[in-house]
Student: 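Okay, handing you the structure first.
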Number of protein chains: 2
Amino acid sequence: MTVIESIPATDLLDPTPCATPPSAYLRPDGEDRYTIGEVAQFTGLSAHTLRWYEQIGLLGQVERSHTGQRRFCNRDLDWLELVGKLRLTGMAVADMVRYAELVRQGESTFDERREILLATRRQVLARIAELHGTLAVLDYKIDYYGGSGR
Amino acid sequence: MTVIESIPATDLLDPTPCATPPSAYLRPDGEDRYTIGEVAQFTGLSAHTLRWYEQIGLLGQVERSHTGQRRFCNRDLDWLELVGKLRLTGMAVADMVRYAELVRQGESTFDERREILLATRRQVLARIAELHGTLAVLDYKIDYYGGSGR
DNA sequence: GGCTTGCCTAGAGTGCACTCGAAGGTCTTA
DNA sequence: TAAGACCTTCGAGTGCACTCTAGGCAAGCC
């Protein structure tokens with residue numbers, strides 16, 4: 001919960017459109033075929049939720065095995081990590097789907113994507129300020145109830 | 001939204017159990033009898049929501065006029081202001097109801113109330129840290145999309 | 001061969017926090 | 001005294017983000 005991550009310089013050159021900061025992959029690229037159960041464990045999302053994400057377009061078409069089972073790749077994990085971060089900001093699923101669609105449309109949507117992220121950034125800053133405000137109220141009342149304990 | 005409030009020293013002695021930081025009251029104490037519509041306008045909550053809050057015990061018995069209409073007082077506004085702050089922390093309504101019950105039970109519940117607020121405080125701090133983490137990711141991606149704009 | 005485990009689909013259900021509608025009573029202003 | 005804004009209760013509806021159910025397939029193990 002108290003995760004403030006730093007971003008290694010090696011990642012700053014990553015050319016993929018859905019680049020996100022570092023992940024500890026389960027397997028190296030080329031051998032990256034994960035079952036839905038593995039991904040569920042790795043991301044903390046349920047298998048149900050992962051299927052639902054794909055269904056609503058938040059995940060794009062996931063590859064399938066010859067028997068029709070999903071086989072997620074490292075890139076999918078990257079994307080899910082970003083989705084997780086966006087979810088933490090309070091962004092609505094529908095908005096994330098919109099963003100995912102823009103990613104799928106390619107480079108021509110860079111500007112729009114940047115705008116979305118900038119707007120999200122502003123909302124996060126506002127939310128942080130709001131939380132500092134509630135913190136002041138909480139501290140005031142905690143003091144009233146006999147203080148300390150912090 | 002960017003409200004970081006300061007608490008005037010004059011309020012620090014307030015002896016009421018549901019004391020909250022300053023409100024700009026509509027009317028001075030003694031003449032503080034507001035209709036539900038006025039309170040709705042003042043708090044931004046709908047009249048429906050205010051009735052629902054009372055119904056579930058988040059608001060305690062609101063006074064009534066001789067014809068049975070609700071007449072809110074400044075104290076109710078104070079309480080609603082606190083509820084608004086707690087709601088901003090993401091506290092569940094059921095938990096706020098629990099807190100309200102403790103307030104109604106009187107001084108013997110001071111310790112328990114302080115514990116609740118301390119726990120909430122920890123959650124708010126964790127949430128702020130989490131948001132700083134998402135901010136780092138957003139900045140990373142915004143840079144990738146051509147930066148600036150902040 | 002039978003059992004278990006894990007996966008598939010489509011669609012229904014859940015919990016939260018409101019939010020609204022219906023049917024009717026009351027208050028205010030003209 | 002009449003219009004219309006505002007009030008009441010009760011219960012149903014909404015939107016979100018999952019979460020689960022049912023019914024079935026496929027692979028691995030004893």
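Note on naming: letters A, B, ... go to the chains in the order of the sequence lines (proteins, then strands), and numbering restarts at 1 for each one. Hydrogens, waters and symmetry mates play no part in the numbers below; they use all other heavy atoms, side chains included.
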Student: Starting at the 5' end of nucleotides 3-17 of chain C, put B wherever the base has a protein heavy atom under 4.0 Å, S where only the sugar-phosphate does, and a dash everywhere else.
Tutor: ----SSB-------S
Student: A:E112: what forms a salt bridge (Lys or Arg N to Asp or Glu O under 4.0 Å) with it, not counting sequence neighbours?
Tutor: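 Checked A:E112 against salt bridge (Lys or Arg N to Asp or Glu O under 4.0 Å); matches are A:R98.
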Student: Under the salt bridge (Lys or Arg N to Asp or Glu O under 4.0 Å) test, which residues partner B:D95, sequence neighbours left out?
Tutor: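 Applying salt bridge (Lys or Arg N to Asp or Glu O under 4.0 Å) to B:D95 gives none.
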Student: Only counting residues at least two apart or in another chain, list the ones meeting side chain to side chain contact (heavy atoms under 4.5 Å, CB included) with B:Q41.
Tutor: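 For B:Q41 there are no side chain to side chain contact (heavy atoms under 4.5 Å, CB included) partners, ignoring immediate neighbours.
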Student: With sequence neighbours excluded, what pairs up with A:R33 under the salt bridge (Lys or Arg N to Asp or Glu O under 4.0 Å) test?
Tutor: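 Per chain and number, A:R33 pairs via salt bridge (Lys or Arg N to Asp or Glu O under 4.0 Å) with A:E63.
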Student: Using atom CG of A:L45 as one end and atom P of D:dC20 as the other, report the distance to the nearest whole Å.
Tutor: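 Rounding to the nearest Å, CG of A:L45 and P of D:dC20 are 14 Å apart.
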Student: Run the side chain to side chain contact (heavy atoms under 4.5 Å, CB included) test against A:A47 and tell me which residues pass, sequence neighbours left out.
Tutor: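 A:A47 satisfies side chain to side chain contact (heavy atoms under 4.5 Å, CB included) with A:I36, A:R51 once adjacent residues are dropped.
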